[in-house]
Amino acid sequence: GQQVMQIPQYQHVQEGEDFTTYCNSSTTLSNIQWYKQRPGGHPVFLIQLVKSGEVKKQKRLTFQFGEAKKNSSLHITATQTTDVGTYFCAGLNSNSGYALNFGKGTSLLVTP
Amino acid sequence: DTEVTQTPKHLVMGMTNKKSLKCEQHMGHRAMYWYKQKAKKPPELMFVYSYEKLSINESVPSRFSPECPNSSLLNLHLHALQPEDSALYLCASSHSLAGENEQFFGPGTRLTVL
């Protein structure tokens, strides 16, 4: 079945450094969504990418969707301590129903 | 109101107990979801309701029984659970089941089965 792989599992950075997490799907995705979960919290929607090659920015966050719609990345420029949390990508393959397949997540730790 | 609420926040139950988790949203969303999340793992889909009808059941054991009384409410009835069922249970909703819609998650119920 469809799998969404996400790396790295953990990332520890100094405040001000950049951070990137990557997602790869074994099948073509209809869209990909990104969520952030703070420690002790619940997933919060960040963004959705639908078009091949799409790039979206939210302040220091840049999201990309690959040309083949099988991979995606989230890049954070100049991390801050408020960026701490686990970032999940979640892919949708409309051929397999309307369930999101979550990646395993990347836990980001930012030290001041 | 852009919030999904869940009650209770915490629940401790024995293996012979019957309990229910509740979820509510007033955003007019027609798709509602139950997820199970273990520590340091991604949310794992359990059930999906669309227009108050069960749309997806991800082969969840019958000791978990979902119910959607109306378009704003979603329940999860628990009976004869096992200790390995201890987890964070998340409810979510989205505008529809079309998939190109963000999911709003509730704060979750942290369940411990003794």
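Keep in mind the model is a prediction, meaning the values are calculated, not measured. So that the names make sense, note that chain A is the first sequence line, chain B the second, and so on, each numbered from 1. Atom set for the values below is all heavy atoms of this structure, side chains included, hydrogens, waters and symmetry mates excluded.
Although no hydrogens or angles enter the test, the distance criterion places a donor-acceptor pair under 3.5 Å between the side chain of Q33(A) and the main chain of N101(B).
Tracing side-chain contacts under 4.5 Å through hydrophobic residues (I, L, V, M, F, W, Y), one never reaches V44(A) starting from L88(B); they form parts of separate clusters. A continuous path of hydrophobic side-chain contacts links I47(A) to F19(A) [ILVMFWY only; heavy atoms under 4.5 Å].
The environment of OH in Y22(A) is sparse: at most 12 heavy-atom neighbours from other residues, nucleotides or ligands sit within 6.0 Å. Counted within 6.0 Å of NE2 on H95(B), heavy atoms from surrounding residues, nucleotides or ligands total 12 or fewer; the atom is thus considered open. Within 6.0 Å of NZ in K38(B) there are more than 12 heavy atoms belonging to other residues, nucleotides or ligands. Other residues, nucleotides and ligands place more than 12 heavy atoms under 6.0 Å from the NZ atom of K56(A). Enclosure of atom CZ in R110(B) is not indicated, since only 12 or fewer non-hydrogen atoms of other residues, nucleotides or ligands lie within 6.0 angstrom. Other residues, nucleotides and ligands place more than 12 heavy atoms under 6.0 Å from the CZ atom of R63(B).
Ranked by non-hydrogen atom pairs under 4.5 Å with chain A, the options P107(B), S50(B), A92(B), A31(B) are led by P107(B). By number of non-hydrogen pairs under 4.5 angstrom with chain B, the leading residue of A90(A), P43(A), G40(A) is P43(A).
Using a 4.5 Å cut-off between heavy atoms, E58(B) contacts chain A through its side chain alone, with no backbone atom that close. Q37(A) touches chain B through its side chain: at least one heavy atom from C-beta onward sits under 4.5 Å away, while N, CA, C and O do not.
Distance check, rounded to the nearest 0.5 Å: OG1 of T86(A) to NZ of K40(B) gives 7.5 Å. Atom CZ of F104(B) sits about 10.0 Å away from atom NE2 of H42(A), to the nearest 0.5 Å.
The shortest side-chain heavy-atom distance between F88(A) and P43(B) falls under the 4.5 Å cut-off.
In this structure, the ring of F105(B) has its center less than 6.0 angstrom from the ring center of Y35(A).
Through side-chain heavy atoms spaced under 4.5 Å, either directly or across other Ile, Leu, Val, Met, Phe, Trp or Tyr residues, M46(B) is tied to L11(B), M13(B), M15(B), L21(B), M32(B), W34(B), F47(B), Y49(B), L54(B), V60(B), F64(B), L74(B), L76(B), L78(B), L81(B), Y89(B), L111(B), V113(B).
Of residues 102-112 of chain A, those residues lying under 4.5 Å from chain B by any heavy-atom pair are F102(A), G103(A), K104(A).
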